[in-house]
Amino acid sequence: MDFNIEYIGVIAAILTTSGFAPQVYKSLKTKEVGSVSLTMYVVMFLGLLFWLYYGVLINSFSMILANTVSGILVLIQIVAKIIYSNAKPR
């Protein structure tokens with residue numbers, strides 16, 4: 001059986017990365033970020049950077065894909081938290 005183990009990684013990447021999307025969408029749509037933990041997202045972003053670097057070192061497409069996309073989503077959430085926390089209410 002010629003099965004590439006990266007397929008499992010790609011499926012895991014899609015599932016775990018998609019977990020961030022609903023929170024990012026909600027934050028951007030409602031501009032409500034009061035309950036979002038900036039500390040958690042900053043720590044998560046740093047962890048994702050290390051996972052991305054690890055994925056590059058071992059040349060794992062699934063790890064590179066998951067951590068790049070997750071990193072972008074988490075970074076968007078961090079920026080939204082900063083911008084919307086400092087925005088003046090209408």
**Q** With clusters defined by side-chain heavy atoms of hydrophobic residues (ILVMFWY) lying less than 4.5 Å apart, directly or transitively, does Val56 cluster with Val74?
**A**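 In one cluster with Val74: Val56, no.
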**Q** Apply side chain to side chain contact (heavy atoms under 4.5 Å, CB included) to the pair Met63 and Trp51, showing each step before the final yes or no.
**A** CA-CA 7 Å; Met63 290 193 75; Trp51 276 116; 3.0 Å; yes
**Q** Where do Gln23 and Val36 come nearest, in terms of heavy atoms and distance?
**A**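 Result for this residue pair: NE2-CG2, 3.7 Å.
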**Q** Treat each ILVMFWY residue as a node, draw an edge where side-chain heavy atoms are under 4.5 Å apart, and state whether Val42 and Val24 are in one component.
**A**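 Yes; tracing contacts between hydrophobic side chains, which count when under 4.5 Å, links both residues.
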**Q** Say whether Ile11 and Ile8 are linked into one hydrophobic cluster, either directly or through other cluster members, by side-chain heavy-atom distances under 4.5 angstrom.
**A** no
**Q** Membership question, hydrophobic clusters at under 4.5 Å side-chain separation (ILVMFWY): are Val43 and Leu46 in the same one?
**A** no
**Q** Would you compute the distance between atom OG1 of Thr17 and atom CG of Leu65 and round it to the nearest 0.5 angstrom?
**A**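 Answer for the OG1-CG pair, Thr17 versus Leu65, is 6.5 Å.
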**Q** CG of Leu73 to CE of Met44: how many Å apart, nearest 0.5 Å?
**A**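 Between atom CG of Leu73 and atom CE of Met44 there are 11.5 Å.
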**Q** Using modelled atom types only, decide if a donor and an acceptor are shared between the side chain of Ser18 and the backbone of Leu15 within a distance under 3.5 Å.
**A** yes
**Q** Kindly check if the number of other-residue, nucleotide or ligand heavy atoms within 6.0 Å of NZ (Lys81) is above 12?
**A** yes
**Q** For side chain to side chain donor-acceptor pair (under 3.5 Å), just list the numbers for Ser27 and Glu32, CA-CA rounded to whole Å, side-chain angles, deciding distance to a tenth of an Å, and then say yes or no.
**A** CA-CA 6 Å; Ser27 294; Glu32 175 131 355; over 6 Å; no
**Q** What heavy-atom pair brings Tyr41 and Ile78 nearest, and what distance separates the two atoms?
**A** O-CD1, 3.6 Å
**Q** What distance do Phe45 atom CZ and Ile72 atom CD1 have between them, rounded to the nearest 0.5 Å?
**A**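 Rounded to the nearest 0.5 Å, the CZ-CD1 separation comes out at 9.0 Å.
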**Q** Might you point out which heavy atoms bring Ser85 and Val33 nearest each other, and give the distance in Å?
**A** OG-CG2, 3.6 Å
**Q** Passes side chain to side chain contact (heavy atoms under 4.5 Å, CB included), Tyr84 versus Leu28? Steps please.
**A** CA-CA 9 Å; Tyr84 298 144; Leu28 294 176; 4.1 Å; yes
**Q** For the CD atom of Glu6 and the CD1 atom of Ile64, what is their distance to the nearest 0.5 Å?
**A**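 One gets 8.5 Å once the value is rounded to the nearest 0.5 Å.
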**Q** Check Ala66 against Ala13 and note the closest heavy-atom contact, atom names and distance.
**A** CB-CB, 3.2 Å
**Q** Measure the spacing between OG of Ser60 and CG of Leu52 and express it to the nearest 0.5 Å.
**A**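 Reported to 0.5 Å precision, the distance equals 10.5 Å.
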**Q** Are Tyr25 and Leu75 connected into the same hydrophobic cluster when the rule is that any two of I, L, V, M, F, W, Y join if their side-chain heavy atoms are below 4.5 Å apart?
**A**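 No.
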